[in-house]
S.K.: 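Sharing a structure with you now.
Below, each value reflects all heavy atoms present in this structure, side chains not excepted, and no hydrogens, waters or symmetry copies. When a ligand or atom number is given, it counts from 1 through the structure's own listing order.
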Amino acid sequence: MHKIHFKAPNCWINDPNGFIWYKGWYHLFYQCFPYSAHWGRMHWGHAVSKDLVNWEEKGIALFPSKTDDRSGCFSGSAIEYKDKMYIYYTGVNYTEEDPENINCCINDAFTAAQLMITSEDGMKFDNITDKKTVIPPIEDKKIGDKNHTRDPKVWRGKDAWYMVLGSTVDKNGRLLFYKSSDLKTWQYLNYCEKDGFGWMWECPDFFEIDGKGVTIFSPMGFFNDGNGYDSVAVCMLSSFDENTGKMELSENYQLFDYGIDLYAPQSTTDKDGNRVVIAWARMPEAVITEKGEWCGMMCIPRIVDVKNNHVYIRPHTNVKNSFITKLSAPKKSGYMLKTTLKNGESINVGGYVIKRENDKITTDRSEVFNIKGNYRLIAETPVINDGYELEIYVDEHLVEVFINNGEYVISNVVYGLTEEITGKNYDLYSA
Ligand code: FRU
């Protein structure tokens, strides 16, 4: 059982996949290399939950079995239609394997196709007889790239199904849109691009909240500043025309999370119809335990709202409501801390320092991130408007700072928090 945060079960995990409320369960699939705490030939791991708080492991759902996915089952999504679960994902086929590690390829030599698999109950998947390639590797270089086209996200439109893929043309990231009336045959509609957002767009997502479109994607090479993780998840207000497949993206963008560690968010609707999104917290170093090594975890599921043309991202109500027991003394992790910060004030939470300066929240993890490499230690929000309230969820390896109920969020991976909290008054709650 995993509580609050789903963590890699003694192996490597990355992106959330196939996130869906289906037949009485939340299903969270995820990119997984089951044999070690490093990225390799991708499988889909599977976890289920009744409440988005407690997660139960279900083992491996998808594994390589066809020529088109022989080198990995990359990211994708799930929908429900006529009682069945339909999964769309990217199958990868390495054309040049690394002889020293056949789970990786060399020279970027692989092809990518989009595949479908269905399930009657969301628990059993027939990897041998039930996979179908629905979009073969793209041949037209003006439309997309035959290697770097991936991560299908499918949704129901007014009168048809739509799919968005991340891709690249001439070193510019882009989205590709497809349409289907039967979920099996997919017709290419259009693309959407925007300068200044890296060379390849991973894990796109599109949804509407009260009639406003929101597009999320993870552009690779976005920062291009030589620091660790130069890709990051961004969100933009948008509109999508179902007839033409044309997407308009707003001028302005927000980061999904200003800590830069979260990546590849994926959304679904929760059982009450809220838009809920979960993302992968990238961990530069595996955690070693008595039972083995694990690397990668999921953030708290978050509800997305749009108010005054701003995307708010707040902890899911079920998670928030489970931190009810008031704690009288600090502990190392597994708690939620509430405080307020005015300009010039700061709080040190077990070595993770949160400050408010010039109406921005900044964080500094230098004391709790003794990791080799040029990883970002300082994070900062844009200028905040709404108020002073902070809700900080502290896990042993992830601190999530929600500002003004989701106006902005900073989440950071940490190693070695202490029990000491200093600098400001606060209230503590445990789950
Ligand atoms: C994003 C990503 C996806 C891809 C998957 C492979 O982290 O690179 O684009 O499908 O991970 O594991």
Side-chain angles (χ1 to χ4, degrees), residues 8 11-19 28-46 60-64 68-78 87-94 98 101 103-105 108-117 135 137-138 144-154 163-168 173-176 197-205 216-223 228-234 256-257 260-267 277-284 295-299 413:
C11 61
W12 165 275
I13 71 167
N14 52 289
D15 317 351
N17 295 156
F19 190 26
L28 174 66
F29 301 87
Y30 49 87
Q31 291 286 281
C32 172
F33 186 62
Y35 312 113
S36 84
H38 298 96
W39 190 90
R41 196 168 297 256
M42 280 292 123
H43 297 47
W44 276 35
H46 187 195
I60 297 297
L62 306 189
F63 56 84
D68 275 345
D69 73 0
R70 63 193 296 276
S71 314
C73 303
F74 274 21
S75 286
S77 58
I87 284 181
Y88 295 87
Y89 69 99
T90 302
V92 167
N93 181 357
Y94 296 160
D98 179 349
N101 177 6
N103 297 301
C104 294
C105 75
D108 238 8
F110 64 94
T111 56
Q114 315 312 322
L115 283 78
M116 173 182 110
I117 182 170
I135 303 177
I138 295 182
D145 194 78
K146 82 172 189 300
N147 315 15
H148 292 290
T149 297
R150 54 180 172 265
D151 309 337
K153 180 79 189 346
V154 173
M163 178 193 287
V164 57
L165 294 172
S167 191
T168 173
R174 58 161 62 189
L175 304 176
L176 306 181
F197 284 82
W199 69 271
M200 157 72 201
W201 293 2
E202 297 190 299
C203 300
D205 199 345
I216 300 185
F217 58 95
S218 297
M220 296 173 84
F222 176 75
F223 289 113
Y229 301 146
D230 79 347
S231 48
V232 69
V234 299
F256 171 72
D257 189 292
I260 319 293
D261 288 348
L262 296 195
Y263 199 63
Q266 188 175 87
S267 79
V277 61
I278 193 163
W280 163 44
R282 299 181 282 197
M283 299 177 66
C295 195
M297 62 189 277
M298 297 297 165
C299 71
V413 166

S.K.: Need the ligand 1 atom indices (1-based, order shown) with element for anything under 4.0 Å from a heavy-atom of Tyr263.
M.R.: 1 (C), 7 (O)
S.K.: Which residue holds the protein heavy atom closest to atom 11 (O) of ligand 1, what is that atom called, and what is the gap in Å?
M.R.: Asp15 OD2, 3.0 Å
S.K.: Nearest to atom 12 (O) of ligand 1, what protein heavy atom do you find, and at what distance?
M.R.: Gln31 OE1, 2.7 Å
S.K.: For Met42, take its heavy atoms, then give the atoms of ligand 1 lying under 4.0 Å from any of them.
M.R.: 12 (O)
S.K.: What verdict does the side chain to side chain donor-acceptor pair (under 3.5 Å) test give for Tyr35 and Asn103, after you've listed the backbone C-alpha separation in whole Å, the side-chain angles of each residue and the deciding distance to 0.1 Å?
M.R.: CA-CA 11 Å; Tyr35 312 113; Asn103 297 301; over 6 Å; no
S.K.: According to the interplanar angle, ranging from 0 to 90°, do the rings of Phe74 and Trp39 count as parallel (below 30°), tilted (30 to 60°) or perpendicular (above 60°)?
M.R.: perpendicular
S.K.: Does the pair Asp205 and Ser267 meet the rule for a side chain to side chain donor-acceptor pair (under 3.5 Å), with working shown?
M.R.: CA-CA 7 Å; Asp205 199 345; Ser267 79; 2.8 Å; yes
S.K.: Can you confirm whether the side chains of Asp108 and His148 place a donor and an acceptor under 3.5 Å from each other?
M.R.: yes
S.K.: Do you know which of Gln266, Gln31, Lys153 makes side-chain hydrogen bond (donor to acceptor under 3.5 Å, both in side chains) with Asn17?
M.R.: Gln31
S.K.: For ligand 1, which atoms sit closer than 4.0 Å to a heavy atom of Ser75?
M.R.: 5 (C), 10 (O)
S.K.: So is Thr90 close enough to ligand 1, meaning a heavy atom under 4.0 angstrom away?
M.R.: no
S.K.: Cation over ring, Arg282 on Tyr263, under 6.0 Å and within 45°?
M.R.: yes
S.K.: Just to confirm my output: which protein heavy-atom neighbour is closest to atom 8 (O) of ligand 1, and how far is it?
M.R.: Glu202 OE2, 2.6 Å
S.K.: Looking at Trp39, which atoms of ligand 1 are within less than 4.0 Å of one of its heavy atoms?
M.R.: 6 (C), 12 (O)
S.K.: Which residue supplies the protein heavy atom nearest to atom 10 (O) of ligand 1, what is that atom called, and how far is it?
M.R.: Asp151 OD1, 2.6 Å
S.K.: With heavy-atom distances below 4.0 Å as the criterion, list the atoms of ligand 1 near Trp280.
M.R.: 7 (O)
S.K.: Does Arg41 offer a backbone N or O that forms a donor-acceptor pair with the side chain of His43 under 3.5 Å?
M.R.: yes
